[in-house]
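We use all heavy atoms of the structure for the numbers below, so side chains are in, but hydrogens, waters and symmetry mates are not. All values derive from a computational prediction rather than experimental measurement. This chain uses plain numbering: 1 for the first residue, then up along the sequence.
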Amino acid sequence: MSYGPNENQNYYPPPPPPTPMNGKSIAGFVLGVLSIIVPYIGFLLGIVAVILSALSLREIRIRYEQGRGLAIAGLVCGIVGTLLYAILILFFVIFIYAASGYPY
């Protein structure tokens, strides 16, 4: 029994293309981690990480992209880094103010 060229063949649809990863979520995560690690510019890196992570969360929700976990981690690390260095800067300013007020 012979079959024609297109008879009795199972054709499956191709798999859907993978959803793209949001680049801002990756950048927000990297900057968030760096905001905790880098000592002198951690405050500024934390602010940028919070902004990028918040933007990427909105884009991920609208475009159905991947990277939500990275964006949340970048947001948390950015907030922690910013608060950490803000407290350190505040203590430093209070220490300088207190030290300059006493006569020798």
Next on the checklist: Hydrophobic clusters here meaning ILVMFWY residues chained together by side-chain heavy-atom distances under 4.5 Å, can you tell me if Ile89 and Val38 are in one?
Outcome noted: no
Next on the checklist: Hydrophobic clusters here meaning ILVMFWY residues chained together by side-chain heavy-atom distances under 4.5 Å, can you tell me if Met21 and Ile72 are in one?
Outcome noted: no
Item to check | Shared hydrophobic cluster for Val80 and Leu45 (ILVMFWY, side-chain gaps under 4.5 Å) | outcome: no
Checklist outcome for this item: Those residues at least two apart in sequence (or on a different chain) that pass side-chain hydrogen bond (donor to acceptor under 3.5 Å, both in side chains) with Glu59 are Asn22, Lys24
Checklist entry - Once you round to the nearest 0.5 Å, how far does CG of Leu57 lie from CG of Leu70? => result 10.5 Å
Item to check | Smallest separation among heavy atoms of Ala49 and Gly32, with atom names | outcome: CB-N, 3.4 Å
Checklist outcome for this item: Closest non-hydrogen atoms of Gly42 and Ser35, given as atom of the first, atom of the second and distance, are O-CB, 3.3 Å
Item to check | Distance, nearest 0.5 Å, that separates CD1 of Ile87 from OG1 of Thr82 | outcome: 11.0 Å
Item to check | Spacing of CG belonging to Leu31 relative to CD1 belonging to Ile41, to within rounding of 0.5 Å | outcome: 9.5 Å
Checklist outcome for this item: The reported gap from OG in Ser53 to CD1 in Ile60 (rounded to nearest 0.5 angstrom) is 9.0 Å
Checklist entry - Applying the 4.5 Å side-chain criterion to the ILVMFWY set and letting contacts propagate, would Leu88 and Ile47 be lumped into a single cluster? => result yes
Next on the checklist: If hydrophobic clusters are built from ILVMFWY residues whose side chains come within less than 4.5 Å, do Ile79 and Tyr85 share one?
Outcome noted: no
Next on the checklist: With rounding to the nearest 0.5 angstrom, report the CD1 to CZ distance, Ile96 to Phe91.
Outcome noted: 14.0 Å
